[in-house]
Structures are given as C-alpha cells and as structure tokens.
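Right, one structure below, let's go through it.
Each chain gets a letter, A, B and so on, in the order the sequences are listed, and its residues count up from 1.
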Amino acid sequence: MTSPPRQLTLEEWDRRHADLLTQGLREPPYGGRLSRHVETEGDLRLRHLRFDNSAAALRLWNFLLTENQRLRAARQKGERLVGAMKDLGTVPVMAYALPGLRAFYPDGAWWTPCLMECSDRLLQLAGTLGADDSFCPVRAMLGAFHTQEHFPEPDLLICSAGAVCDDFSAIAARLERMGRDILWWEMPRRRQPEEDEPACLLPGGLSAPQAQVDCAREELERIAGALGGLAGCHLDAPRLQAGIQAANAVRGALQALRQTVFTAPGGPLPALEMQIAEMLAIHFCSDRQESLGALSDLLAEVRRRVQAGQFAIGPEAVRVYWVNPVADLRAMNVLESCGGRLCGSDFMFTHALDPIPEDLPGFEALARTALADPMTGPALDRGQRLVTECRQNRIEAVVISRIPGASHCAWEGASLRELVASHTGLPVVELEVPPVCDALLPTVRTRLEALMETARARRARSKPGPAA
Amino acid sequence: MEIIVTSPWTPLEWIEAHGLEPRGVWGLPACDRHALAEGVCAFAQRLRALAGTPSSQPMIFTTACDQMRRAADAAAEETATKVFLFNLPATWKTPAARRLYHQEVKRLGRFLERLGGRAPDAAGLWSVMRDHDRRRQAERARASLEKAGRTASRGAPLALVGGPALPGQPNLCELIEAAGGTVALNAAEPGERGLLPPLPGPQTGRADPGDPFAILCDHYFDHIIDVFQRPNSRLYEWLGPRLTERRVRGLVLWVQVGCDLWRAEAMSLREAFGLPVLVLESTETGGGFAARDLNRLSAFIESLR
Ligand code: SF4
Ligand code: SF4
C-alpha cells in the first residue's frame, strides 16, 4: 500500500484512492474520496492543491474536511458544543477533559473563503455585517455565525480578551452585539519580570511574572467552572490532569513529526500537510482520539520514508522557516514548486505545540502555557524563538507571510525581519498571501524564487572550496 | 519632570503624587506629517514617532489595543525614551481584572520612583486626588455650559464618538459646527467620555475616608468607558442616556485609519441607537481633511436638518 512519495492532484488522488481500496485500505468512517469534498461541501480549492500521496495524508485531509459533520453528529448525540475563540490551544484542553463536551474554534472560518474559493461569500457577508476588508480573514467567522452553514451554533462561546489582536477583539465584540453571549476571559499582556519580582518559567523557554500567571490561572479556573456547568460535571484536578496528559500525547506526536520532517535529509512530508497537521494541536479538530490517530499515521509514514531514503521534496531544496499561517493553502505548494522546503514554522500558535507541564497543578500549567502564546507578548520574544529554531534546524531562508488586514502584521513583520537578519544573516522575504492568491501568484512566485536563489548562492559560498 | 500619558485611564493623580508632571499626549504640539505604514494606526504611529524625538520625556503606553502595544514595543526597543506599558485589563467584571489594574498602578509607581519620583503618603495622595476631583468638576461644569450654549444654537445636534484626535489633525468640533451641526456630545478622546465622575471619598464625609490608593484604582477601574473593553456594554450604556437627553440626531464616528476597534463599532452604534452614523477616517498623522470628507460631513448634517 506504500509507494514512493509524490504530490498528487485531486483527480490523481481519486484514482489512487480506488487503488488503495482494492489493496485493502481500511478507512475511518469519515474516509473516502477526497474529491467528494468539492462536490458536497464546495471545497473548490482542493482542485488547485497538490496533496501528499500517502494513506496517512488521505486520513489527515478527510479528518480535517469533515469537522462540520463531526460537530453536527456530536450535537445529535446530545453532546454540548463549546466555541473557543482566540486563545488557540488552551480552552479545548479543559473542554475535552470533561465528558460530553466538544470544543472547536469558530476562528477556523478563517480558511473557509480559501477552501471554497470565496464561493461561500463569507467575506462579503462579513462586510455587510460590519467587518470590511480592513479586517483580516477571520472576519469570515461573522458570516459563518450568520449563515450557520459552516459550523453548528455553539452552546457556550468563550473568548480571550486583553492581549489579543484588534481584528479578533473587534469582530468578537461585533458578534456579541449581534446577540451572542460571550464569556470573556482576561489574558494579560506578557512582559519580562521586573527585578526582584516573583517570576516563573513558561513552556518554550520564556518567563513571566508570577502575578500574570496567577491572573490567567484564576481566569481559567472561572472558565472551567462554566465548562463544568455545561457538562454537569466538575473539572477537578484528576480530570484536568488526564486532559493535559491526553493533550500532551497529541502535542508529543506532533513534535515528533516536526522533528523527523525538519531534520531529515530531504522532505519526507510536504509543507501543506505539515501545516494541516499542526492545526490539529489547537483543538484536535473536534476529536482528540482521532487526531492522535491521524498524527500517529503520519509519523509512521514519515519515519518509514526517512528510513527508506524516500522524500517528497529533494535534499537540494532550500530549508525554509515560514512565519504566520497562509490564508491560501496553495502558497505552501508554491513554496515547494519554487525550490523550498519547510523546515521550521511559527503559524502563530507555537504555545500549542509545546508540552503542557505535567509536574505542576493543572490550572497553573495551563495558565503558563496560555501565557507562552507568541501573540500575547512582544514581537521580540517571538523573534527570539524564531532565531533559535532557525539555528537548530539549519534554516537557509525565512518567509514572513503577511495576513491581509491583520493588525499585528504591519508592526511585527519589520521587527521580525530585522531580528532574523541581524542575528542570523539569513535572507528574509515578506509577502502577503490573500485567501485566494491566484491573482498574486506571479508576484509570490517571483519573490520566493528570488529568495531561493539568494539562499542557494549563500549555500554555495559557505561550502568549502576545492583544495588549492 | 513631565510624564507623557497616552490614555485617559492611567491615573494622573498617581503620577502627580509622585512629584512628577503628567501631560496628556493630545495637547502636545503637532509633529511632522508622516506617511503611514500600511495597516498602522496614525495615533499609535505618532506615539512611536514622539518617543523617537530627542527631547522625548518618559511615556506611559497602555495595552488597550494591539497597535498601541506594538507601538510601545517599538518605542522601548528602538528609542532611548523610558517607556512604561500599562496593562489595562480588557475585561472588567471579575476580581482578577480589578486586581490586575491595581497591580499595574503599583508597578507604575515603581517606574516613577526609578525616574526620581517619591512614593506618596496617604495624605499626599488624598490631597492630589481631591485637587484633581475639583478640576474635573470644573471641567464638567464648563462642558455642560458649552453644551447648553451649543444646544441653543440651531445646528443639528450630533455626537462625536471615537478615538483620539492628534494635534495637527482637524478640529472636528469646529468642522462640524462650520458645516451646520452642533456637537451636543463629545465622546471622542479627549472628551466627556474620559471625564471621571466625582470621587466617592470626599463626598461621604467619613472621618476615615479609606485607603486612597485603593479608592483611586477602583475609581478609575470602575469608570473606564472605552471601545477596548469586553464586553463593551459600558460604552453603550454611557452613550444611551446622553444621546437621548441631548436629542442627538446623528453620530460622527472618528476613526484613525488602521483602528479596527473603533471601525468595527460603526454598525453596532447604528443598530443600538437607531441613529445614522457617518464614519470619518484620518488618513495621516497630521494635516487636514480630504475635500471629499468635508463634503460627506456637510451632506450628512444637511440630511439631518
Ligand atoms: S490572523 Fe492575526 S489579526 Fe487575524 S485573527 Fe489571527 S492573530 Fe488576529
Ligand atoms: S485609535 Fe484605535 S488602533 Fe489607534 S491606539 Fe486608539 S484604539 Fe488603538
């Protein structure tokens, strides 16, 4: 059932799917042809993507693209749905620690206009609801709440406030004004501890004043009370600890996947599938057990490929670190067609990849994890992790992708760029990727190709010359 | 020493009680006009530019919005100006948020001491608080006199709502009046919205008026009326009765380009009060209005007559 890695079009995948079935492929209930998502869900973008040809990738894609159905089925079974907003990775750990709750991120509507090539008209709808194109693509969430077609209405909506981006804060406030009850919780703006101020270490190596952790912890305990009320069951220490361990199992699988892919001589798994895989860590794509299964399959496939010396992306490709998620998934394919290979990433939720400390009381551990969110602190902190990972992963070039309308990009891009350039000397390019980037594709390509060219020239210069 | 304050929600009394001189950024002289980087708020950019001027005094930024936070980072990292980033909680209903506010005022005190300020004793702080309270009462009286004068004028009564205006940006009140309107409520920044109600302590006439630090912090924390709060119901609850009482017929929403928080309120304001809303957007850190905007403003006011 295994074959050498290759990237397939949607049609090619359908043929491969048929072959795999004849070879005895056993799929989970959400399995099937990839092209059916175009027909039934209108996920038109799939027609323009290139997918990894492994059965593990097929499972990953099918899992990702059936989340709406999964949520609706859960509702039918009587489970309660929690819409977690903005914190990316913290509230779901608590929700999945309780029986009968399922958490998801309405923020995920960010990608719907891309997946549906804007045929969903969510962005236009958001405009009519008060969020025009001066906001980032997360405004699609407003439209999705309005149409109720892309996710079911949650039973409880929770949103972090304070140290969050303006786009999200503004859009969530608009949502509240449109009649949704939102349970807000305060996320302090992470800062360096002052001299003599009690402080603690955060996952990922940062530190923060204990007073800020205490604030976040108290807020998370309050949220846990609301979740417990919804579940009809108290989120006590053993339950939370078990939830943290289960979340860490997912994070651990993802870390192992990243480690294997980023350090292999060639690229055993393409960038697109890596980005999708990372997204599972945030809320388990509404099924914690299954997300672990999907990641484990990918990890096994990647290990097998590395052992066999089989790569989807050749060893000569330029090792690239990618900053920020791309509104158009196609950009990940473009990176590879321009001669790059993803060897490091910060898709804005690195705090959801680091293991949650298990040697601390549960809420303390979660509060520290939440405070490690790269977007709650200065760009300098984010940049330092970026520099460290560039060195660890022998990165040769950095792409900072700008998100149209995003309040943080205007400030952050320049400082990340300067930091990387001054600390590593690596070539950096900043480019904007809209939800459907076809019109900008020539520009994106040209800029990426120029970056690869520069990186290759640097590589050639750094190779020892022939002996005199 | 002057301390530049960039938000109405950092207690000026606390700075003054430390023997330092708080100065609102709104009254500072206009700086050179700057082209705006795409997506950057003009106000935040102006603050960053101000920090970069050689004679800049220490500045207090707040975490009210992402733009401001990032401007503070840039100022701290790229200039020699002493910068304090005050963590203003966005939420306001919980003890955790209140405590965070108190802690930040304390931390601000340590910053002021590092600048040479002296921590005040209770009597000293009370005295500054009462003085500010009196000044605010005088300001309120002046505002209400002006309001009465304006209401007597025949222009269509409007409310000016929104964020900060910068020196060098057009005086919106004057523009509105020139176009035939009357500013019956100024809820922009600075304006009535930032004017705290009287302090509770001096009014109670108790022998022991309590801990001035806690009272000061609570007084500010309980009366923040701003767009960044979550929920933002206080803003609406504050506006509602004033709009009715002053028979406001339309809202002019003043938005710095790049400001998501105020911009996103346009439709909510329209829906909440059933009044027409004209969004006026600054496109520069200084300079006048485009003729198009003046025309829009005139047409808006004319339609309300
Ligand atoms: S993309 Fe950026 S601006 Fe948009 S919601 Fe995410 S963090 Fe906020
Ligand atoms: S005008 Fe808006 S974006 Fe600018 S500092 Fe104020 S709230 Fe922030």
Side-chain angles (χ1 to χ4, degrees), chain A residues 128-132 134-136 139 159-174 176-178 181-182 184-189 191 194-195 197 209 211-212 214-219 221-222 375 377-380 402 404-415 432, chain B residues 36-41 44-45 48 62-74 76-78 85-97 99-100 103-104 107 110-111 227-233 236 257-272 281:
Chain A
T128 66
L129 295 168
D132 61 16
S134 65
F135 295 87
C136 89
R139 69 189 193 279
C159 187
S160 58
V164 304
C165 63
D166 295 342
D167 298 67
F168 204 95
S169 176
I171 284 164
R174 177 74 192 122
E176 191 174 45
R177 287 264 140 213
M178 283 162 53
D181 280 333
I182 296 180
W184 303 96
W185 62 281
E186 187 73 32
M187 169 51 70
R189 205 289 178 148
R191 61 173 170 82
E194 292 179 356
E195 220 180 301
E197 190 179 18
Q212 291 198 320
D214 292 346
C215 175
R217 192 193 58 236
E218 196 175 324
E219 286 293 82
E221 284 167 352
R222 185 167 61 84
M375 306 310 284
L380 200 61
R402 283 175 70 120
S407 63
H408 50 94
C409 283
W411 290 93
E412 200 180 39
S415 59
E432 182 160 294
Chain B
L36 277 177
E38 199 190 330
V40 170
C41 150
Q45 173 153 321
R48 161 65 189 84
T62 73
T63 59
C65 68
D66 202 14
Q67 296 262 358
M68 180 80 110
R69 290 196 293 272
R70 293 183 187 276
D73 289 345
E77 284 157 24
E78 298 159 13
L85 180 57
F86 188 108
N87 198 146
L88 264 183
T91 56
W92 47 276
K93 292 186 170 180
T94 64
R99 200 171 318 117
L100 178 57
Q103 284 165 351
E104 285 299 285
R107 196 168 67 85
R110 295 199 291 273
F111 173 76
V227 71
F228 69 87
Q229 291 199 298
R230 296 292 172 266
N232 63 6
S233 46
Y236 285 77
V257 70
C259 173
D260 292 331
L261 297 187
W262 278 111
R263 177 188 278 275
E265 294 304 322
M267 195 164 281
S268 297
L269 287 167
R270 217 170 266 137
E271 289 166 359
E281 191 176 66

Heavy-atom pair count under 4.5 Å with chain A, highest-scoring of B:Gly258, B:Ala264, B:Ala64, B:Ala97: B:Ala264
Below 4.5 Å from any heavy atom of chain A, which atoms of B:Ala74 appear? Answer side chain, backbone, both or neither. side chain
Using non-hydrogen atoms and a 4.5 Å limit, figure out which bit of B:Asn232 sits close to chain A: side chain, backbone, both or neither. both
Among B:Glu78, B:Glu77, B:Arg48, which residue has the highest count of heavy-atom pairs closer than 4.5 Å to chain A? B:Glu77
Using every non-hydrogen atom in the two residues, find where B:Ser233 and A:Arg177 come nearest and quote the distance to one decimal. CA-NH2, 3.5 Å
Closest-packed option against chain A by number of heavy-atom pairs under 4.5 Å, given B:Phe228, B:Tyr236, B:Trp262: B:Tyr236
What part of B:Ala76 gets within 4.5 angstrom of chain A, counting heavy atoms only: side chain, backbone, both, or neither? neither
Closer than 4.0 angstrom, basic N to acidic O: yes or no for B:Arg107 and A:Glu197? no
For B:Phe86, which residues count as a ring pair (Phe, Tyr, Trp, His ring centres under 6.0 Å) partner, sequence neighbours excluded? B:Tyr101
Whatever's closer than 4.5 Å to a heavy atom in chain B on A:Met187 counts as neither
Nearest 0.5 Å, what's the CG-CZ distance between B:Leu85 and A:Arg191? 9.5 Å
Rounded to the nearest 0.5 angstrom, the CE-CH2 distance for B:Met68 and A:Trp411 is 10.5 Å
Taking all atoms of both residues into account, what is the closest heavy-atom pair of A:Ala410 and B:Val40, and its distance? CB-CG2, 3.5 Å
Rounded to the nearest 0.5 angstrom, the NE2-CZ distance for A:His408 and B:Arg70 is 7.0 Å
Based on non-hydrogen pairs under 4.5 Å, which of A:Met178, A:Met375, A:Glu218, A:Glu412 is most in contact with chain B? A:Glu218
Listing, residues 159-174 of chain A side-chain donor-acceptor contacts under 3.5 Å, not counting sequence neighbours, or none:
unit_1, atom_1, unit_2, atom_2, d
A:Asp166, OD1, B:Asp66, N, 2.7
A:Asp166, OD2, B:Asp66, N, 3.3
A:Asp166, OD2, B:Gln67, N, 3.4
A:Asp167, OD1, A:Ser407, N, 2.7
A:Asp167, OD1, A:Ser407, OG, 3.1
A:Asp167, OD2, A:Cys136, N, 2.9
A:Ser169, OG, B:Arg230, NE, 3.2
A:Ser169, OG, B:Arg230, NH2, 2.9
A:Arg174, NE, A:Leu129, O, 2.6
A:Arg174, NH1, B:Ser268, OG, 2.8
A:Arg174, NH1, B:Glu271, OE1, 3.1
A:Arg174, NH2, A:Leu129, O, 3.2
A:Arg174, NH2, B:Glu271, OE1, 3.4
A:Arg174, NH2, B:Glu271, OE2, 2.8

Counting N and O atoms only, with roles assigned by atom type, does the side chain of A:Glu186 sit under 3.5 Å from a partner on the main chain of B:Thr91, one being a donor and the other an acceptor? yes
For residues A:Gly130 and B:Met267, report the shortest heavy-atom separation together with the two atoms involved. N-SD, 3.6 Å
Side chain, backbone, both or neither: which part of B:Ala71 has an atom under 4.5 Å from a heavy atom of chain A? both
Check each atom of A:Asp132 against the heavy atoms of chain B and say whether the ones under 4.5 Å are side chain, backbone, both or neither. side chain
State the CZ-CD distance between A:Arg189 and B:Glu104, to the nearest 0.5 angstrom. 11.0 Å
If one checks every heavy atom of A:Arg402 against chain B at 4.5 Å, the contacting part turns out to be side chain
Examine whether an atom of B:Leu100 lies under 4.5 Å from a heavy atom of chain A, and if so say whether it belongs to the side chain, the backbone or both; otherwise answer neither. side chain
Quick check on the interface: out of B:Cys259, B:Ala96, B:Pro95, who has the most heavy-atom pairs with chain A under 4.5 Å? B:Ala96
Which one of B:Thr63, B:Thr94, B:Val227 has the most heavy-atom pairs closer than 4.5 Å to chain A? B:Thr94
Given heavy-atom pairs under 4.5 angstrom as the criterion, report whether the side chain, backbone, both or neither of A:Arg139 touches chain B. neither
Region of B:Arg270 in contact with chain A, defined by heavy-atom distances below 4.5 Å: neither
